[in-house]
Undergrad: 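Take a look at the following structure, please.
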Amino acid sequence: MDIILLERIEKLGSIGDVVTVKDGYARNFLLPNKKALRANDANRKVFEANRERLESENAARRDEAAKSGEKVDGAEVVLIRASSNSGQLYGSVSVRDIADALKAQGHSLSKSQIILERPIKTIGMFDVKVALHPEVHVFVKANVARSDDEAELQSQGIDILAQVAEEDRAESEGFTEAFDPNAEPGELPPTEAPAEGEENA
């Protein structure tokens with residue numbers, strides 16, 4: 001279906017562009033959300049008559065978004081979650097979790113403004129994109145940790161997962177037995193003879 005865009009849409013085009021999209025995308029999302037019009041002669045005339053107003057309204061919304069973006073940009077939300085020793089979460093962190101955490105900090109954002117490529121499934125620090133306007137994007141940090149203490153360490157740039165792996169490795173290397181590659185199976189390693197003078201001690 002050919003449509004006229006009423007706002008800039010990433011990977012599609014800018015205001016006034018006539019683009020071809022799948023019928024379902026147009027009918028279920030673009031048209032009902034007033035992001036586009038069907039590209040027919042009547043709508044083209046309506047669009048051209050209103051182009052200046054649409055462009056100035058868009059510019060005003062963009063400036064407003066840029067202003068509110070200054071407050072949100074770089075914000076950090078801490079999300080405490082249970083995870084396995086390897087850092088895999090039991091469950092995942094979704095767009096809603098991030099939106100709720102930002103709301104709790106006083107930022108009024110909707111779930112649809114938060115762009116998460118895929119749900120977060122491990123502990124760590126993640127950059128999350130927030131689309132305040134089709135032309136204004138900022139980033140917030142999602143600090144996913146098992147406790148407030150871990151979240152604090154991650155904030156300081158310490159990689160918790162690397163630390164956990166290091167501790168696990170140290171534990172597994174705690175006791176190593178001397179190994180003689182030439183020993184027969186079942187043969188015990190020879191005990192070291194005590195140093196002179198120790199026998200009588």
Undergrad: Closest approach of Ala26 and Ile3, non-hydrogen atoms and distance?
TA: CB-CG2, 4.3 Å
Undergrad: How many angstroms lie between CZ in Arg146 and OG in Ser84, if you round to the nearest 0.5 Å?
TA: 7.5 Å
Undergrad: Applying salt bridge (Lys or Arg N to Asp or Glu O under 4.0 Å), run through Glu48 and Lys45 and close with a yes or a no.
TA: CA-CA 5 Å; Glu48 287 307 329; Lys45 283 180 187 138; over 6 Å; no
Undergrad: Return the minimal non-hydrogen interatomic distance between Leu89 and Ser92, and the atom names on each side.
TA: CD1-CA, 4.3 Å
Undergrad: Could you measure the distance from the CZ atom of Phe126 to the CD atom of Glu117? Nearest 0.5 Å is fine.
TA: 13.0 Å
Undergrad: Extract all donor-acceptor atom pairs below 3.5 Å that involve side chains of residues 4-20 and protein atoms in other chains or at least two apart in sequence.
TA:
unit_1: Glu7; atom_1: OE2; unit_2: Lys35; atom_2: NZ; d: 3.1
unit_1: Arg8; atom_1: NH1; unit_2: Pro134; atom_2: O; d: 3.0
unit_1: Asp17; atom_1: OD2; unit_2: Ser14; atom_2: N; d: 2.8
unit_1: Thr20; atom_1: OG1; unit_2: Asp2; atom_2: OD1; d: 2.6

Undergrad: Treat each ILVMFWY residue as a node, draw an edge where side-chain heavy atoms are under 4.5 Å apart, and state whether Val21 and Phe29 are in one component.
TA: yes
Undergrad: Find the distance between CG (Leu31) and CG (Asp23) and round it off to the nearest 0.5 Å.
TA: 10.0 Å
Undergrad: Please find the pair of heavy atoms, one from Ala142 and one from Val128, that lie closest to each other, and give the distance.
TA: CB-CG2, 4.0 Å
Undergrad: Work out which heavy atom in Ala65 is nearest to a heavy atom in Leu132; give both atom names and the distance.
TA: O-CD1, 3.6 Å
Undergrad: I'd like to check the salt bridge (Lys or Arg N to Asp or Glu O under 4.0 Å) partners of Arg53; sequence neighbours left out, ordered by chain and number.
TA: Glu57
Undergrad: Do Leu116 and Val140 land in one hydrophobic cluster if side-chain heavy atoms of ILVMFWY residues count as linked below 4.5 Å?
TA: yes
Undergrad: Between Val138 and Gly69, what is the shortest heavy-atom contact and its length?
TA: CG1-O, 3.8 Å
Undergrad: Any non-hydrogen side-chain atom of Ile98 less than 4.5 Å from a side-chain atom of Val93?
TA: yes
Undergrad: What's the spacing between Leu30 CG and Arg38 CZ if we round to 0.5 Å?
TA: 11.0 Å
Undergrad: Check whether any side-chain N or O of Gln113 sits under 3.5 Å from a backbone N or O of Leu109 as a donor-acceptor pair, and report yes or no.
TA: no
Undergrad: Is there any salt bridge (Lys or Arg N to Asp or Glu O under 4.0 Å) pair reaching into residues 67-88, and which pairs are they, with sequence neighbours excluded?
TA: Arg81-Asp97
Undergrad: Side chains of Glu150 and Ile80, heavy atoms from C-beta outward: is any pair under 4.5 Å?
TA: no
Undergrad: Before you tell me yes or no, could you show the steps for Arg44 and Asp41 under side chain to side chain contact (heavy atoms under 4.5 Å, CB included), namely the whole-Å CA-CA distance, both residues' side-chain angles and the distance that decides it to 0.1 Å?
TA: CA-CA 5 Å; Arg44 279 197 182 92; Asp41 291 341; 3.6 Å; yes
Undergrad: So, taking the atom named CD in Gln154 and the one named CD1 in Ile123, what distance separates them when rounded to the nearest 0.5 Å?
TA: 5.5 Å
Undergrad: Rounded to the nearest 0.5 Å, what separates atom OG in Ser94 from atom CZ in Arg118?
TA: 15.5 Å
Undergrad: Under 4.5 Å between side-chain heavy atoms, hopping through other hydrophobics if needed: is there a path connecting Val95 to Met125?
TA: no
Undergrad: Do Arg27 and Met1 make a side-chain contact, defined as non-hydrogen atoms from C-beta onward lying under 4.5 Å apart?
TA: yes
Undergrad: Answer yes or no: is there a side-chain heavy-atom contact under 4.5 Å between Ile120 and Leu79?
TA: no
Undergrad: Apply side chain to side chain contact (heavy atoms under 4.5 Å, CB included) to the pair His133 and Asn58, showing each step before the final yes or no.
TA: CA-CA 9 Å; His133 176 273; Asn58 179 59; 2.9 Å; yes
Undergrad: Answer yes or no: is there a donor N or O on one side and an acceptor on the other, between the side chain of Asn143 and the main chain of Ala151, under 3.5 Å?
TA: yes
